[in-house]
Amino acid sequence: MAHTAEAHGDNYLNHEKGLWSWMTTVDHKRIGLMYLASVCFFFFLGGIFALIIRLNLMHSGHPVVDANTYNKLMTYHGAIMVFLVIIPAIPASIGNFVLPMMLGAKDVAFPKLNLASYYIYLAGATFACLALFLGGADTGWTFYTPYSIRTGGGVILVIFGAFVAGFSSILTGLNFIVTIQKLRAPGLTWNRLPLLLWALYATSIIQVLATPVLAITLVLLIFEHVFKVGIFDPALGGDPVLFQHFFWFYSHPAVYIMILPAMGVISEIIPVFSRKPIFGYRAIALASFGIALVAFIVWGHHLFVSGQSELANFVFSLLTMFVAIPTGVKVFSWVGTMYKGSIRFNAPMLYALGFIELFTIGGLTGVFLATLAIDVHLTDTYFVIAHFHYVMVGGTIMGFVGGMHYWFPKVTGKLYNETVAMWAFISIIIGFNLTFFPQFIAGTEGMPRRYWSQLPEFDLWNTLSTVGSWFLLLGFLMVAWNMIKSAKSGPAAGDNPWRALTLEWQSKSPPPHDNFGPTTPTVTHWPYEYKGANV
Amino acid sequence: MSHASVPAGKYNADNPAPHHFGHHFESAEHEFSSAKQGMWLFMVTEVLMIGAIFVGYLLFRLRFPEAFHEAHKELNVKLGALNTVILIISSATMVLGVTAAQRGNNRRSIGMLITTIFLGGCFCLVKYFEYTHKFHEGIFPGGLYHFEGLTVPHAPLFFSFYFVMTGIHAFHVVVGMCLITWIITRIKRGQISKEFFTPVELVGFYWHFVDLVWIFLFPLLYLLG
Ligand SMILES: [Cu+2]
């Protein structure tokens, strides 16, 4: 039956109208957009804290905030960016939108649970932000004991917020696993599954298996405050190092919750913009699981200087280096895909190239830190800060922003402005390297992390870094402006502007409420059969 | 009450509504198997969550064996055993309730589920007496402990684990009782039938899991010398 409304452009955006219809929606596409808006808001907030931190460190002896405020800013920057931005960024926003469509499904397996995850996320965020009015928290995002037991203020609320947000992450992961298992379109065999979905599957496994350990650890930490249980408190016979073990049992795998989805996004972008089949499809898919597996047995590299046994140090150091193998497999496969391809430098591809550059630096410096003797020297210096910003911002955020550009035409039905996007990328890539590369050098020279004031001998590196942070701000503002303006008044995109082969591009732009209309898509081929520039 | 007295369009336990599965599933069976898979995954998260405290308990037990040995004598084995029996029986009534719902015998299902809630209540009552007795003696977790009768160093840590582990378990029992109440109201509203009993079966899963955790907690805390 030809539905008249559909002929006149009925889509998920105008299917129902009004704020209430958004707040109560169970449509995965709308929930994805609500996550996107929230994640961007918190990215902006956490970014402002970072800018103040950088401003404070620009010239030694010229602080712009007092030491206590600095500690709170640094804690909030970390906690917000980790728990409210990078962990949900790709899975909950882009993943929510794209995953069911790539599967040819009408929705995720549990749509109501999906909406519940969003509100749980918001609740967690609210608790954490309420703490700001109760004196905030000054423990750093890692909440190490015994300091986190002794310090007052809003630390309990921040911990509770992280605990609540964790459940959102668990439920999203659970939902995605069942969706991928159960809702694949006819013909969508495992060997034809897009690489983003392999990556999200591996991510979801980590979310489901690792997050509960963080949850219980945070509960115990709250009990330390409320009931004085003493399990992590040396004064009562407890063990603060046990807290570190529990914390990193989650928080190291969490690094892969952050990076695997970005790798998935890159694996989609590169073949499309190289017009070549992805090189090493199976290797990339398996590497996601390889990384997820190794993720669970390397946490001890965060405890090299915490009095862990020599043997444990040795084993964790060795195991950590194994991470480089599946990661290297992916990087070489991407480069192999681009080799002799007909590369088009649209914004998504620029971000994919940025990802490869920055992530490779971040990953390799991770191997430095896994090396015991070097780590003892570099622990708690800016080298570590630079390393994980290269992985998390240079990796995850590059993948996130690249994915935002890549799926922008599908989500909005409009094209973004390519010129603005290119200049934004240039500003971001220059700003990023200017901000964080000097930190590697300052770190090797011994500049400690988390300090409110630094010595004058690091002034050059700190000034460069602070100037870089302004370029980052400029770049991200340009991205935001481009996205908002193009969504309102960009030219119509057509259903498949990139000529991509994954299922979501076979739908309309923007897609109808039930994704594909009355017909269920059937898959007959592998999604990467690109054959050169014109095909 | 006979079926004839039910007005058309009003559903209840004797006259359940036909079930419409979600538009993104192919069949009711597809929906059911997906829901079951989701529930299993949720159980896995519970195992990991509780597993972490078990690991903590075992570590401290190995570190302070004498303190843990002396402290565990303060627990009341008889009450613990009574609670074990109560929970095992409640698991049996739960099975009967789920099977009755699967066969469309909603009246019987409600009866069995109410019995399960009652047994869960008994468990909590026994736990309440155990806790208040301990508090009365001055046995509190960690830093709040002031019991004169047992002054071995690190004994308070044993009670930290005791209260945290049994407390989190009791919290799960209470959540389970709420969930059973929820499915009883759904049965009464006619939302559960031979064709659709997913919520009953999943809450059943949950209840068995909570019982199983106690089966590990009881020997670990009360018996292991
Ligand atoms: Cu790590």
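It should be emphasised that the depicted structure is a prediction, and the values quoted were computed from it without experimental measurement. In the text below, chain A, chain B and the rest are named by the order of the sequence lines, each starting its count at 1.
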Structural part of Phe60(B) lying under 4.5 Å from a heavy atom of chain A: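 Just its side chain gets close to chain A.
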Portion of His23(B) that has a non-hydrogen atom of chain A nearer than 4.5 angstrom: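 Looking at His23(B), backbone and side chain both touch chain A.
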Nearest 0.5 Å, please: how far is [atom2] in [Y] from [atom1] in [X]?
X: Thr45(B); Y: Ile216(A); atom1: OG1; atom2: CD1; answer: 11.0 Å
X: Phe110(A); Y: Gln37(B); atom1: CZ; atom2: CD; answer: 7.5 Å
X: His24(B); Y: Thr179(A); atom1: NE2; atom2: OG1; answer: 7.5 Å
X: Ile231(A); Y: Leu59(B); atom1: CD1; atom2: CG; answer: 11.0 Å
X: Leu236(A); Y: Tyr145(B); atom1: CG; atom2: OH; answer: 13.0 Å
X: Trp40(B); Y: Ile177(A); atom1: CH2; atom2: CD1; answer: 15.0 Å

Greatest number of heavy atom pairs closer than 4.5 Å to chain A - which of Ala67(B), Gly142(B), Gly56(B), Pro156(B):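 Looking at each option in turn, the highest pair count goes to Gly142(B).
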Contact winner vs chain B - Ala215(A), Pro111(A), Pro100(A), Gly173(A), heavy-atom pairs under 4.5 Å: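 Maximum pair count with chain B is reached by Pro111(A).
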Best-contacting candidate, Leu242(A), Asn175(A), Asp239(A), against chain B by heavy atom pairs under 4.5 angstrom: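 Greatest number of close heavy-atom pairs with chain B: Asp239(A).
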So which heavy atom on [X] is nearest to which on [Y], and how close?
X: Leu157(B); Y: Gly230(A); answer: CD2-O, 3.7 Å
X: Ser34(B); Y: Val178(A); answer: O-CG1, 3.5 Å
X: Ser160(B); Y: Val229(A); answer: OG-O, 2.5 Å
X: Pro212(A); Y: Leu48(B); answer: CB-CB, 4.0 Å
X: Phe227(A); Y: Leu144(B); answer: O-CD1, 3.4 Å
X: Ser33(B); Y: Lys182(A); answer: OG-NZ, 3.1 Å

Candidate pair Val208(A) and Phe42(B), rule side chain to side chain contact (heavy atoms under 4.5 Å, CB included), full reasoning: CA-CA 8 Å; Val208(A) 166; Phe42(B) 182 71; over 6 Å; no
Toward chain B, the part of [X] with a non-hydrogen atom under 4.5 Å:
X: Leu214(A); result: neither
X: Asn515(A); result: neither
X: Phe232(A); result: neither

Pairwise side-chain contact, Leu209(A) with Val44(B), heavy-atom cut-off 4.5 Å (strictly under):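 They are in side-chain contact.
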[X] atom [atom1]: more than 12 heavy-atom contacts under 6.0 Å:
X: Lys127(B); atom1: NZ; answer: yes
X: Arg63(B); atom1: CZ; answer: yes
X: Phe135(B); atom1: CZ; answer: yes
X: Tyr119(A); atom1: OH; answer: yes
X: Lys73(B); atom1: NZ; answer: yes
X: Glu137(B); atom1: CD; answer: yes

Check against side chain to side chain contact (heavy atoms under 4.5 Å, CB included), Met49(B) and Thr211(A): CA-CA 8 Å; Met49(B) 193 141 73; Thr211(A) 320; over 6 Å; no
